[in-house]
Amino acid sequence: MADLTATAVHARVFANSYRDSVELMRIAAEIESIEGIERAGLVMATPANREVLRSAGLLSDAAAAAGPNDLVVAIAAGDAEAAGQGLDLAAARLAGTASEGSDEATTSDATTIAEAVTELGSANLALISTPGTYASAEALKALKRGLHVFLFSDNVPLEDEIELKAVAHRKGLLLMGPDCGTAILDGVPLGFANAVRSGTVGLVAASGTGLQQVSCLIHRAGAGVSQAIGVGGRDLHAGVDGAMMLDALERLAADPGTAVIVLISKPPDAAVAARVLAAAAAVETPVVVNFLGGDVDAITAAGGIPATTFEAAAAIAGAIALGQPVPTPGASGHDGDAGADGTGPHDGARADAAAAAAALGPGAWRIRGLYSGGSLAGEAKLLIRAALGDGATRHEILDLGDDEYTVGRPHPMIDPRLRNEHLHAAAVDPTTAVILLDVVLGYGAHEDPAGALATQIDAARAELARAADGRSMPAIVASVCGTDLDPQGLAAQEARLAEAGVTLAASNAAAARIAASIAAHAPGGRA
Amino acid sequence: MQSPGSATTYRAARVSIDLPAAGTGRPAAGPIVVHSVFRAAINLIGPDGLLTIARADVGGLSGGVLIDDVTDLRDLGPRPAMVVRLDRDAIRIPAAGVAVDLRAAARWDPGLRPRPSASAGRRWSARSPMVAQIVARLPTTPGLARVAAADPYLANLAASIRHGDRPAAAGAARGLVGLGPGLTPSGDDILAGAAAALRGLDHPLDGFLEAVLIDIDRRTTAVSAALLRHAARGAFAERIHDLFDALLGEDAAAIEPAVARAAAWGATSGVDLLTGVVLALDAATGVDGRSEADRRWAA
């Protein structure tokens, strides 16, 4: 019988209830995800546990009378209705009743790859997200069973990656990763993917947010994606030698549904890049090569189509896919620009850079990039250096998704709190001229990243206004990596940011150029 | 032997030598019924305690029978309270139409073999830091890590092992019995791990759990009480045997996979059991003057 008399403590006893611990923890986690519930515990009512519940103020009369073979579901909640929902959920789970909205096809008690394959005989891919120490073994098991592998885990030793990719290559399988955050395979998004239109552009990326940015811009250009294959950030390092990029290139070249291929990578090893370019030259499908910091001349000489920014890669590939004229590099040297003066729907904001800089405080000079995507941060650094020269190193572009920031904390794409801390610090620092942000939408990302940032921006603005000590709010420039089909909604996210006074750019590259322009005009004058 | 014609018969791959009738040669002491049914195991309960029919990949269990070629034992159809017939040749659950043929099963001894203390102690002292690092990397948090009530009992358990104080060890054990999450509460799993370590070292406090058995059925779950009874007489699951062989064996490379396998059991049971093993090994061998448990829970 449910005990709902207490305002904060709610409990129900299930007599002689035996469930394995994994199931009990899963149910507890599910209950805790209900809004209004602070804490849920499912424990056997042994005398020791009853004492712990009593000490925590969670021991109801019913639980106090329970025996060691009885299961107590104890919930600490702000309101009785939420607690009731939690108790009902527990009862349904313990009775083996499927919850409303649950998908039986995704419910499984499998605890090993072998069990999962037995359960789902048609499986052809394993998504592995375990600590790095164990990921290699699990990936190998999956490969041996003939499954492609999406290896989300990081901290996988390089030698393991080399061996796993060798096994995958021999077996004709894809080993996507390690630290692979994004893929779209046969229209199925994996990891942090965006909702994009299906089409004829095939992407292979050793860059998670790079793949996201290119796929979103392709969608916005009216084209679509056939396959988006992530290969892990180290695939083009020496040793790994582009193993999976080469295999993925071969697959896409043979795919009748792919009319143009885009290869995306953070700065690659030169010898590995040459090997990939040679392979790209041998395929009939047009290949756009977007290697950040890559050698444009070498790409061109190898027959590839160079793109030095994600926006350029998307513009070129989208044009090829749609049968439109391919954009040529502008006189400014920025390929993919809409024109020689870099104008575009939002690039017009660059013309206002001087005005934005004039509104800054006297000591403001620095660009503070606070990124959730490593590749987007990398692209911004390159573009700022190109715009500002050697002085660019004095600016700060942080990849807050890097391991040093995420030990023991969720990734900033999921949890905005870490970035908000940095955002506040940057906003109130009088040397900050412009804060540069990426806002990444899509599956797996925070449900309202723009809202979380905007709230922090509004709070910082209000704090500076109250201080009235001469400090001015820095300019804030952002691009939203997303589409109208994403769960968060591109238009709504951009509107929220605009409301908070954020200058929006159509792409990360455009945002970086705008930030560099503002810094170049900043009164602190050290750009 | 009753004809199995009306039942689906599974062949047992292994039977524990402490299984009544087939293992011990002595008939079961009284009626047996199905207690609980899980994917990997069917628990049976009777006057002889907990008996288990398990999938072969679970590994040997005290009072256990292992069968191959079954992925999900729930599919066999047994339900709690069904009557179980046990004799030298078979286990039968007539209401479920299931029989397990024991006649050709290999026999397995759940008794943990003690090792010479001096060499084991030296080897553990050398390996303790490495094992601590492996355990620290495990993805699962021990079940009692957030139960402040456990701290003094864990510290007292370690201290009593260090000083060879049996009454104090029993006192600490009584505080841990039934404490924490899980069908086998975390405190019980820690105690089982500690008991295994002390048996493995042939330590003076081997068997300290006897003192907590008196009213064990009132203090913890039936399944856990049965496992503690096994532990008190030195009988442990095969994965604990393997863990011990790895921790104190010659090949240090075997440690990490053995730890991973032990830790993977249940939601926290494996990690909790490991915690108990390490706590007792550290305390018994005087590693660092403080046990791993002291460090972890005294922080």
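Chain naming here is simple, since letters A, B, ... match the order of the sequence lines and numbering starts at 1 in each.
- Note: B:Asp57 CG to A:Thr112 OG1 = 7.5 Å, rounded to the nearest 0.5 Å.
- For the salt bridge (Lys or Arg N to Asp or Glu O under 4.0 Å) condition, the pairs that include at least one residue of residues 170-184 of chain B, sequence neighbours left out, are B:Arg174-B:Asp215.
- Within 6.0 Å of the CD atom in A:Glu35, the count of heavy atoms belonging to other residues, nucleotides or ligands does not exceed 12.
- Here the shortest heavy-atom pairing between B:Gly180 and A:Val43 reads O-CG1, 4.5 Å.
- One finds the NE2 atom of B:His35 at 5.5 Å from the CG atom of A:Asn69 (value rounded to the nearest 0.5 Å).
- Of the residues B:Leu183, B:Thr184, B:Thr220, the one that meets the side chain to side chain contact (heavy atoms under 4.5 Å, CB included) test with A:Met44 is B:Leu183.
- Neither the backbone nor the side chain of B:Asn43 comes within contact range of chain A, judged by heavy atoms closer than 4.5 Å.
- The shortest heavy-atom contact between A:Val52 and B:Val147 is CG2-CG1, 4.2 Å.
- Other residues, nucleotides and ligands place no more than 12 heavy atoms under 6.0 Å from the OH atom of B:Tyr153.
- Atom OG1 of A:Thr46 is separated from atom CD1 of B:Ile216 by 10.0 Å, given to the nearest 0.5 angstrom.
- Nearest approach of B:Thr221 to A:Pro68, heavy atoms of both residues: CG2-O, 3.1 Å.
- Pairs engaging residues 144-153 of chain A under the salt bridge (Lys or Arg N to Asp or Glu O under 4.0 Å) rule: none recorded [sequence neighbours left out].
- For chain A, the nearby part of B:Ala149 is the side chain; its heavy atoms alone come within less than 4.5 Å.
- Between the side chain of A:Asn49 and the backbone N or O of B:Gly178, at least one donor-acceptor pair lies under 3.5 Å.
- Contact of B:Thr71 with chain A is made through the side chain alone, with heavy-atom distances under 4.5 Å.
- With a 4.5 Å cut-off on non-hydrogen atoms, B:Val37 does not touch chain A at all.
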